[in-house]
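Atoms within each ligand, like the ligands themselves, are counted from 1 in listed order. Note that the structure is predicted; figures quoted are calculated from it, not measured.
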Amino acid sequence: MRKKIGVIVSGRGSNLQSIIDHIAEGKLDVDVAVVVSDHKDAFALERAAKAGIPAAVVERKGCRDKEEFEDKIDAALRNAGAELVVLAGFMRILTGHFISRWEHKIVNIHPALLPSFKGLDAQGQAVDYGVKVAGCTVHFVDEGTDTGPIILQKVVPVMDDDTEETLAERILVEEHKALPEAIRLWSEGRLSIKGRKVYIAR
Ligand code: GRF
C-alpha cells in the first residue's frame, strides 16, 4: 500500500510541486494526503488544487494560542491519514507540543549545509560569510531549530558574484531533488536513526 504524507507550506510551494511532479512521473511512490498552509493565499494551495490534493488552511491569527494552532494542523494531518509530515517552506517554528507527537516522522528542507546557517535567510548568511560551497539539507525535525538528524545534503558552488537571490536559485534546483529523494528513502523503509545519525539501508 502506498504510504501517505502530509505537506505543510507557507508560500510559493516549489518544493511541493517537485514532490507532485516526482509522483506523477512515477519516481516517488507515495500519496500526498493533504497540504496544510498557514496562509490562505499561498501559491502552494493553487498547486495542490491543480493536482487534486485536499488542502487545509490553518492560520495562526485564527487561533487562541500556539497550541491551538498546532492542534489544528495535527488534526488536519491525522484526519488525512498522514504517516510522514513534510515541511516544505513552512515558515514557522513548531514547538515540542506538536513535535513530540510525531517523533522521527517530520522532515524539513533547509537551504544550507547544516549545521551552518540555521534559521532565516540561510542563503544570505552564506553569501555574507564568504563560503565557497553551499547547499541544502533534508533532516528529521527535533525540538531545536534546524538541528535534527540529517538524512541527506546536496552541495552547490558559491560564485564570487553571487547574490542571495542567485545562490538561492542554484540551491533550489538541488532542493527539488533532495526532498523527493529523502521521502522516497523513507517510503522504502530505508531510514533508521541512531542518536544523531541517520543510516540509509542499501
Ligand atoms: C526553500 O528554499 C526552503 O528550503 C525554505 O523555504 C523555501 C521554500 O520554497 N525553507 P518553496 O515554497 O518550496 O518554493
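No more than 12 heavy atoms of other residues, nucleotides or ligands shown are found within 6.0 angstrom of CD1 on I93. Counting non-hydrogen atoms of neighbouring residues, nucleotides and ligands closer than 6.0 angstrom, the NZ atom of K105 reaches no more than 12 such neighbours.
Sorted by first then second residue, the salt bridge (Lys or Arg N to Asp or Glu O under 4.0 Å) pairs that include residues 191-201, not counting sequence neighbours, number zero.
Remark: R92 is positioned above the aromatic ring of F69, its terminal NZ or CZ atom under 6.0 angstrom from the ring centre and at most 45 degrees off the axis.
Nearest protein heavy-atom neighbour of atom 9 (O) of ligand 1: R12 NH2, 3.0 Å. Looking only at heavy atoms of the protein, atom 8 (C) of ligand 1 is closest to G89 CA, 3.5 Å. Regarding atom 1 (C) of ligand 1, its nearest protein heavy-atom neighbour is E175 OE1, 3.1 Å. In this structure, atom 11 (P) of ligand 1 lies nearest to the protein heavy atom S14 N, 3.4 Å. Closest to atom 5 (C) of ligand 1, if we only count protein heavy atoms, is P111 CD, 4.0 Å. Closest to atom 10 (N) of ligand 1, if we only count protein heavy atoms, is I109 O, 3.5 Å. Ranking the protein heavy atoms by distance from atom 12 (O) of ligand 1 puts G13 N, 2.8 Å first.
By the salt bridge (charged side-chain N to carboxylate O under 4.0 Å, His left out) test, E174 pairs with K177, sequence neighbours left out.
Inclusion of M91 in the set of residues having an N or O under 3.5 Å from an N or O of ligand 1 is not warranted. At under 3.5 Å, a nitrogen or oxygen of N15, whether backbone or side chain, sits near a nitrogen or oxygen of ligand 1.
We find that R170 and D162 are joined by a salt bridge, their nearest charged nitrogen and carboxylate oxygen being less than 4.0 Å apart. For the pair K4 and D31, the salt-bridge criterion is not met [side-chain N within less than 4.0 Å of a carboxylate O].
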